[in-house]
Amino acid sequence: MPLVKPENPVSLDQCQLIEFPQIRDPRGALTFLEWNRQVPFEVKRIFYIYDVPEGHGRGAHAHHDLHQMLICLSGGLTVHLDDGRSKRAVCLDKPWQGLHIPPRIWAAEDSFLKNTIYMVLASDTYKPESYIHDYQAFLETVRTHD
């Protein structure tokens, strides 16, 4: 899978739910990811989120240039996606699926099931300036790329 460069403008059509390979046998299941095959960007950071209090959300931001892949390892959650023109919700509850979120897509996570753990693969190291935390600033950024 080649490196995905964001188009101008970015759309929700570029937010893809990707199925990862599964190897199943009597001992259980194994899923693997390989950069440039299942992950359409080079991974430079990995983090995971867990113990989200009931009724709380995560995310609620976009990135200027960062690609992310969200993978729910246990439990389930809903990811709300917004490209500034349309919105869509995606349920993540299978450890063999990942949601690719390209730059300039607003994403917010909520509706966490008990004991949910999800992992995020990111295309760059942590840089506070890469985040867009204000929704109105996000809409302005989207308009400048239209």
Side-chain angles (χ1 to χ4, degrees), residues 1-54 56-133 135 137-138 141-142 144-146:
M1 184 176 283
L3 178 63
V4 176
K5 296 271 188 186
E7 294 178 12
N8 294 322
V10 175
S11 78
L12 291 184
D13 294 336
Q14 293 172 280
C15 297
Q16 304 248 334
L17 197 57
I18 297 171
E19 296 257 338
F20 305 130
Q22 296 180 68
I23 299 171
R24 293 183 173 273
D25 67 27
R27 300 171 297 165
L30 179 146
T31 292
F32 61 90
L33 311 175
E34 295 177 342
W35 171 60
N36 235 10
R37 287 193 176 183
Q38 295 84 22
V39 181
F41 55 85
E42 182 178 0
V43 177
K44 293 191 178 175
R45 180 169 52 121
I46 299 170
F47 59 96
Y48 48 98
I49 298 169
Y50 54 96
D51 291 343
V52 177
E54 187 175 337
H56 285 75
R58 297 289 309 202
H61 60 264
H63 292 275
H64 290 285
D65 297 308
L66 184 84
H67 288 262
Q68 293 185 313
M69 176 83 68
L70 277 61
I71 304 164
C72 184
L73 302 174
S74 176
L77 66 140
T78 300
V79 182
H80 300 273
L81 303 167
D82 180 342
D83 64 8
R85 293 168 298 285
S86 57
K87 298 178 181 186
R88 174 172 106 207
V90 177
C91 177
L92 285 181
D93 60 0
K94 297 172 181 68
W96 62 87
Q97 291 181 332
L99 177 63
H100 174 225
I101 303 173
R104 297 189 311 275
I105 296 289
W106 188 268
E109 299 89 45
D110 67 11
S111 302
F112 292 91
L113 298 178
K114 187 176 174 132
N115 297 320
T116 293
I117 301 170
Y118 69 108
M119 180 172 59
V120 181
L121 311 178
S123 65
D124 205 351
T125 58
Y126 175 72
K127 295 177 181 163
E129 65 275 9
S130 77
Y131 287 76
I132 307 169
H133 289 288
Y135 187 73
F138 161 71
T141 300
V142 169
T144 63
H145 287 92
D146 276 352

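Across all non-hydrogen atoms, the minimal contact from D82 to R85 is OD1-N, 4.2 Å. In this structure, T31 and P95 approach most closely via the heavy-atom pair CG2-O, 4.1 Å. For the residue pair H63 and I132, the shortest heavy atom distance occurs at C-CD1, 4.3 Å. Here the closest heavy-atom approach between residue I18 and residue P40 is recorded as CD1-CD, 4.2 Å. Scanning both residues, W35 and V43, for their nearest heavy atoms gives CD1-N, 4.5 Å. Nearest heavy-atom pair across H100 and M69 is N-SD, 3.8 Å.
Put simply, the side chain of P103 does not reach to within 4.5 Å of the side chain of V10, judged on heavy atoms.
Checking each of L121, V90, L92 against L70 for a side chain to side chain contact (heavy atoms under 4.5 Å, CB included) leaves exactly one that passes, namely L92. Of the candidates L99, I105, V120, Q68 forms a side chain to side chain contact (heavy atoms under 4.5 Å, CB included) with just one, namely V120.
Applying the 6.0 Å contact sphere to CZ of F47 captures more than 12 heavy atoms from other residues, nucleotides or ligands.
In this structure, the salt bridge (Lys or Arg N to Asp or Glu O under 4.0 Å) partners of D25, at least two apart in sequence or on a different chain, are R27. In this structure H133 satisfies the ring-ring contact (aromatic ring centres under 6.0 Å, His included) test together with H61, Y131, sequence neighbours excluded. Taking the salt bridge (Lys or Arg N to Asp or Glu O under 4.0 Å) definition, one finds that E54 meets it with nothing, sequence neighbours left out.
No side-chain donor-acceptor contact under 3.5 Å links W96 to the backbone of P21. For the pair T116 (side chain) and G76 (backbone), a donor-acceptor distance under 3.5 Å is present. Side chain of R88 to backbone of L12: a donor-acceptor contact under 3.5 angstrom is found.
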For L73 and Y50, what are the C-alpha separation, side-chain angles and deciding distance, and is it a side-chain contact (heavy atoms from CB on, under 4.5 Å)? CA-CA 10 Å; L73 302 174; Y50 54 96; over 6 Å; no

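Using bins of under 30°, 30° to 60° and over 60° for the plane-to-plane angle, the ring pair Y135/W106 lands in the perpendicular bin.
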